[in-house]
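In what follows, a structure is listed as structure tokens, so that the remarks can point back to it.
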Amino acid sequence: YDLSNPKSYTEGRHYATRIASLLSLFKYQKIKPHIVLSDAVVNETRIKNAGRQETKMSVTRCTYLMSEVKYIKTVLNETYGLNTVFHPHCGSFIETPREIEKLLELTDIDLVFDTGHFILGSRNRYDIIDFLNKYKNRIYTYHFKDCSEEILNNLNDSNYFNLVTR
């Protein structure tokens with residue numbers, strides 16, 4: 001759900017707690033389930049500029065988003081005993097390395113580190129190693145995907161949804 005829009009919180013929280021209640025039935029398994037939280041890909045400007053974001057999140061939007069991440073992580077842990085991790089996503093408000101760093105600085109949530117989204121969001125394959133070394137203790141798990149040079153070199157004519165269908 002849109003983590004930076006309080007109008008989406010009632011429905012988003014309901015959905016998250018419904019999923020958590022189902023997953024909590026399996027929390028005593030050898031490998032415990034967890035919740036993966038991601039900001040919704042709903043802002044037209046962010047979708048249009050995926051991989052080449054230049055606008056920054058407003059202070060208000062950032063405050064709402066970070067507060068909601070903290071809130072939902074706490075509620076799902078205290079109520080259902082489940083860990084919540086965050087999956088940064090292109091086209092959302094947590095896309096670029098700087099936005100991901102801001103999330104890590106302002107919350108205690110760990111990441112599902114997605115290589116494809118990170119490469120696209122950073123537009124520089126070499127940033128990935130520096131980032132992983134700097135935040136190695138905040139990576140919960142990985143989601144390995146590729147992002148081709150062709151896509152990186154031809155971002156100007158596409159939005160996020162066109163990119164993922166190539």
Side-chain angles (χ1 to χ4, degrees), residues 1-24 33-124 127-128 131-132 134-143 145 147 155 158-164:
Y1 60 101
D2 186 349
L3 298 169
S4 63
N5 182 356
K7 292 178 182 175
S8 73
Y9 290 177
T10 300
E11 184 179 341
R13 289 172 179 179
H14 175 74
Y15 180 75
T17 55
R18 188 167 56 90
I19 298 300
S21 70
L22 294 170
L23 288 176
S24 70
H34 57 273
I35 297 286
V36 177
L37 188 61
S38 186
D39 188 31
V41 179
V42 295
N43 181 282
E44 292 300 321
T45 302
R46 298 292 291 194
I47 292 167
K48 179 181 175 188
N49 294 301
R52 55 188 191 284
Q53 300 296 346
E54 294 183 17
T55 57
K56 293 184 177 152
M57 196 177 356
S58 71
V59 172
T60 301
R61 184 178 292 273
C62 181
T63 301
Y64 281 134
L65 191 146
M66 300 304 166
S67 295
E68 185 63 7
V69 167
K70 291 176 193 175
Y71 173 83
I72 203 72
K73 181 180 187 285
T74 300
V75 167
L76 298 183
N77 182 271
E78 290 178 359
T79 307
Y80 301 100
L82 296 175
N83 187 30
T84 302
V85 294
F86 195 90
H87 180 269
H89 208 283
C90 287
S92 77
F93 280 99
I94 304 293
E95 172 180 340
T96 69
R98 182 64 202 122
E99 291 163 348
I100 299 168
E101 286 180 324
K102 185 79 135 171
L103 174 78
L104 295 174
E105 290 167 11
L106 297 176
T107 71
D108 66 347
I109 200 161
D110 291 334
L111 297 179
V112 174
F113 188 83
D114 187 309
T115 57
H117 285 291
F118 188 86
I119 290 168
L120 183 60
S122 71
R123 297 197 67 185
N124 180 344
D127 285 348
I128 198 167
F131 187 92
L132 289 172
K134 184 174 181 180
Y135 294 104
K136 61 186 169 203
N137 294 328
R138 299 293 299 277
I139 309 295
Y140 180 80
T141 191
Y142 296 86
H143 188 183
K145 287 190 290 205
C147 182
L155 290 173
S158 259
N159 69 41
Y160 171 72
F161 296 108
N162 291 337
L163 293 171
V164 295

For the pair [X] and [Y], find out whether any cationic side-chain nitrogen is under 4.0 Å from an anionic carboxylate oxygen.
{"X": "Glu105", "Y": "Arg138", "value": "no"}
{"X": "Lys102", "Y": "Glu99", "value": "no"}
{"X": "Lys73", "Y": "Asp108", "value": "yes"}

Rounded at 0.5 Å granularity, tell me how far [atom1] in [X] sits from [atom2] in [Y].
{"X": "Asp110", "Y": "Leu103", "atom1": "CG", "atom2": "CG", "result": "10.0 Å"}
{"X": "Met57", "Y": "Thr63", "atom1": "CE", "atom2": "OG1", "result": "9.5 Å"}
{"X": "Tyr64", "Y": "Asp2", "atom1": "OH", "atom2": "CG", "result": "12.0 Å"}
{"X": "Ile72", "Y": "Leu76", "atom1": "CD1", "atom2": "CG", "result": "4.5 Å"}
{"X": "Ile35", "Y": "Tyr80", "atom1": "CD1", "atom2": "OH", "result": "9.5 Å"}
{"X": "Ile109", "Y": "Asn83", "atom1": "CD1", "atom2": "CG", "result": "7.5 Å"}

Grab the two heavy atoms, one from [X] and one from [Y], that are nearest each other, plus how far apart they are.
{"X": "Val41", "Y": "Gly91", "result": "CG1-O, 3.7 Å"}
{"X": "Leu65", "Y": "Tyr9", "result": "N-OH, 4.3 Å"}
{"X": "Ile139", "Y": "Tyr142", "result": "CG2-CZ, 3.5 Å"}
{"X": "Arg61", "Y": "Ser4", "result": "NH1-OG, 2.7 Å"}
{"X": "Ala20", "Y": "Leu82", "result": "O-CD1, 3.5 Å"}
{"X": "Ser92", "Y": "Ala40", "result": "CB-O, 3.8 Å"}

Judged by atom type as modelled, is there a donor-acceptor pair below 3.5 Å linking the side chain of [X] to the main-chain atoms of [Y]?
{"X": "Ser8", "Y": "Tyr1", "answer": "no"}
{"X": "Ser21", "Y": "Arg18", "answer": "yes"}
{"X": "Gln53", "Y": "Arg46", "answer": "yes"}
{"X": "Asp39", "Y": "Leu3", "answer": "yes"}
{"X": "Thr17", "Y": "His14", "answer": "yes"}

Any non-hydrogen side-chain atom of [X] less than 4.5 Å from a side-chain atom of [Y]?
{"X": "Ser122", "Y": "Ile128", "answer": "no"}
{"X": "Ile100", "Y": "Phe131", "answer": "yes"}
{"X": "Asn43", "Y": "Phe93", "answer": "yes"}
{"X": "Leu111", "Y": "Tyr135", "answer": "no"}
{"X": "Thr107", "Y": "Phe86", "answer": "no"}
{"X": "His89", "Y": "Ile94", "answer": "no"}

Is the centre of the His117 ring less than 6.0 Å from the centre of the His143 ring?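 No, the ring centres sit 6.0 Å or more apart.
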
More than 12 foreign heavy atoms under 6.0 Å from CD of Glu11: is that the case here?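 At most 12 heavy atoms, drawn from other residues, nucleotides or ligands, come within 6.0 Å of this atom.
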
Specify whether Phe113 and Phe118 have parallel, tilted or perpendicular ring planes, treating 30° as the upper limit for parallel and 60° as the lower limit for perpendicular.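 Geometry flag for Phe118 against Phe113: tilted rings.
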
